[in-house]
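Here is the structure we will look at, set down as structure tokens.
Numbered from 1 within each chain, the chains take letters A, B, ... in sequence-line order. These numbers come from a predicted model, not from an experiment.
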Amino acid sequence: MTGPRFRFAPSPTGFFHVGGARTALWNWALARSMGGTFVLRIEDTDAERNRPEWTQGIIDALAWIGVHTDDPHFEGPYFQSNYAEQHVAAAQRLFEQGDAYYCDMTGADVEARNKAEGNQGYQGWSRNRGLGPGPGHVLRFKVPAGTTVVHDLVRGEVTFDNSLIEDFVLLRGNGTPMFLLANVVDDMTMSISHVVRAEEHLPNTPKQQMMWEALGHEPPVWAHVPVLVNEARKKLSKRRDKVALEMYRDEGYLADAMVNYLMTLGWMPKGGEEIQPWAQMEADFRLEDVNHSPAFFDLKKLAAFNGDYIRSMSPAEFLEACRPWLLAADAPFPADRFDEEVFLAMAPVIQPRATTLAEALGVVDFMFLAEPAIDADAWAKATATPDLVGVLRSSSAAFEAVADWSADELKAAFEQAAEANGFAKPGKAQAPVRVAITGRTVGPPLFESLEFLGRDETLRRLRNADATIG
RNA sequence: GCCCCCAUCGUCUAGUGGCCUAGGACACCACCCUUUCAAGGUGGCGGCACGGGUUCGAAUCCCGUUGGGGGUGCCA
């Protein structure tokens, strides 16, 4: 692979952020459509928040959204912690070149001096003190005078006044490298040509660009994409918001729907049609077309996308997609009562009624439950008047007499029973039968359900329900 | 506080000086269809933050204001 080299560099935190997923997807689309490479680098240098299993979580999440480690465009994962020596070596080089210097002031020292002098930030106090490395000495980058212009593919030219950028820390007092340094050195080592990341990194960019230059390299192409925000228009946070990709997967959001939705947050496929196959989006995606303002991660719209994708599946695909929920320990009904044939046959009436896969099983759970729970309020309402009770009893009798147990005949039988009890519109009289059979007032078409439920079970449930009426 | 970014319906967006009476999607409302609920169909509501310029002409260019967001660690 000789094309451009992109990278995705998450820090392991135990879950995969939806914002990170979008960034990964955009990098992935770019790498693939440009014949380039997507480098995965796990930024695990902060021992505080890092566990080996987190990494697998990242790889699994990426695979779910279609970023596969066995794709020729994929490279990695690399672990930042393995490159500490190189980070330190680069810092050493900057020191030797005179682009960095040691400082023995602690954070408290800096704060105290600023308070005394009415200043803010680090004022380059140790620039000319000629300090060498030593315990507690941090290495700081000597920010040159002038301005730094960042060329950004989505923002354009952004100019920073270097005098407003403090001499930032490269190496901690204990000698370990800081993120800014590690990040730059790794990008250089991995020959990254395009850094596509969230906007929150834009203020870091002049610092990183100065390091690239000091280290004798041409900086990469930068692209800072807008952040994803919540309803209050604040950056999505794991404390407040539902940001874990895994949670959406577990609730039955389809990967294709999630991917499609994420892609359109800040970018619109050509032609203005939002629902697009991955291949099309991959081919069309351009950083130059990315929007500049933060995008609200809208659960309602995600749900709409998901419903759309669910409805477009064939019954067989739908069954397979539901399989994990059918086999789950907390499945809504016991596996041995499940009937694939029935589920397949009912799929077309289930799909338009479900927003998520998890929800889909709930639509037909009554078909596979030995004794579906009857909602008390629904039952009370469905049998509140004598005519409703009458419908229940006469339809029960009418069903018993049906010769051919089919939806059509059941419907005809029911309509007669309803009319006999004074209902001009049979639809209005469905409630008692529906509640008796399904436990609820709403659900898939009743007579088709009865057909599949079978004569014996239908009549049994009607008799049981009838018996509960005084 | 300081620095940076941003600003089209409630939301995601189309729009790159005349094609804009500002288009689509989600949400919402109404109607149709109908076997409940959905789905589907039709229609509706609703927006260029404000003020100055530039121009024959501005949602589009410039300046300012206001508003929002991000960043300001010996976190990543």
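Taking atom P on both B:rC74 and B:rG69, the two are 26 Å apart, rounded to the nearest angstrom.
When both distances must be under 3.5 Å, the Watson-Crick or G-U wobble mate of B:rC61 is B:rG53. Taking a pair to require two hydrogen-bonding distances under 3.5 Å in either a Watson-Crick or a G-U wobble arrangement, B:rC45 remains unpaired. In a base pair of the Watson-Crick type (N1 to N3 plus N6-O4 or O6-N4) or a G-U wobble (N1-O2 and O6-N3), with each distance short of 3.5 Å, B:rA25 is matched with B:rU11.
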Contact letters for nucleotides 26-40 of chain B, in which S counts primed atoms plus P, OP1 and OP2 and B counts the base, heavy atoms under 4.0 Å: SS-------BBBBSS

Protein-to-nucleotide contact annotation, 5' to 3' order, nucleotides 59-69 of chain B [B base; S sugar-phosphate only; - none; under 4.0 Å, heavy atom]: ----------S

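In the set B:rA76, B:rC12, B:rC6, the nucleotide with an atom closest to the side chain of A:L265 is B:rC12. Listed nucleotides B:rC4, B:rC74, B:rG70 differ in distance to A:R140; the shortest reach to its side chain belongs to B:rC74. Comparing B:rC74, B:rC12, B:rC2 against the side chain of A:F296 picks out B:rC12 as the nearest. Side-chain atoms of A:H201 lie closest to B:rA76 of the nucleotides B:rC3, B:rA76, B:rA14. When each of B:rC2, B:rG1, B:rC12 is scored by its nearest atom to the side-chain atoms of A:Q120, the top-ranked nucleotide is B:rG1.
Ring-plane geometry between A:W267 and A:F285 is classed as perpendicular, the angle between the planes exceeding 60 degrees on a 0 to 90 degree scale with a lower cut at 30. Using a 30° and 60° split on the angle between ring planes, A:F16 and A:F8 fall in the tilted class, from 30° to 60°. Between A:W405 and A:F399, the ring-plane angle classifies as perpendicular under the 30° and 60° cut-offs.
Residues meeting the ring pair (Phe, Tyr, Trp, His ring centres under 6.0 Å) test with A:F452, sequence neighbours left out: none.
Checked options A:Y253, A:Y261, A:F15; the residue passing with A:Y248 is A:Y253 (criterion: ring-ring contact (aromatic ring centres under 6.0 Å, His included)).
Of all non-hydrogen atoms in A:V229 and A:P294, the two that sit nearest each other are CG1-CB, 3.6 Å.
Residues A:L262 and A:V259 are not in side-chain contact: their nearest non-hydrogen atoms beyond the backbone lie 4.5 Å or more apart.
Among the heavy atoms of the strands, none lies under 4.0 Å from A:G307. Nucleic acid contact class of A:F168 (heavy atoms, under 4.0 Å, all strands): none. Across all strands shown, A:T106 has heavy atoms under 4.0 Å from base atoms, whether or not it also approaches the sugar-phosphate. Within the 4.0 angstrom heavy-atom criterion, no nucleotide atom of any strand lies near A:M263. Among the heavy atoms of the strands lying under 4.0 Å from A:M178 are primed sugar atoms or P, OP1, OP2 only; no base atom is included.
When the side-chain nitrogen and oxygen atoms of A:N204 are compared with OP1 and OP2 of B:rG70, none of them lie within a distance under 4.0 Å. An OP1 or OP2 oxygen of B:rA76 is reached within less than 4.0 angstrom by a side-chain nitrogen or oxygen of A:R172.
A cation-pi arrangement is absent between A:R129 and A:W125 under the rule of less than 6.0 angstrom and at most 45 degrees off the ring axis.
Remark: aromatic rings of A:F6 and A:F38 are distant, center separation not under 6.0 Å. Aromatic pair A:Y101/A:F95: centroids not less than 6.0 angstrom apart.
Nearest-nucleotide assignment on RNA chain B puts the 5′-proximal partner with A:F297, out of A:F297 and A:D104.
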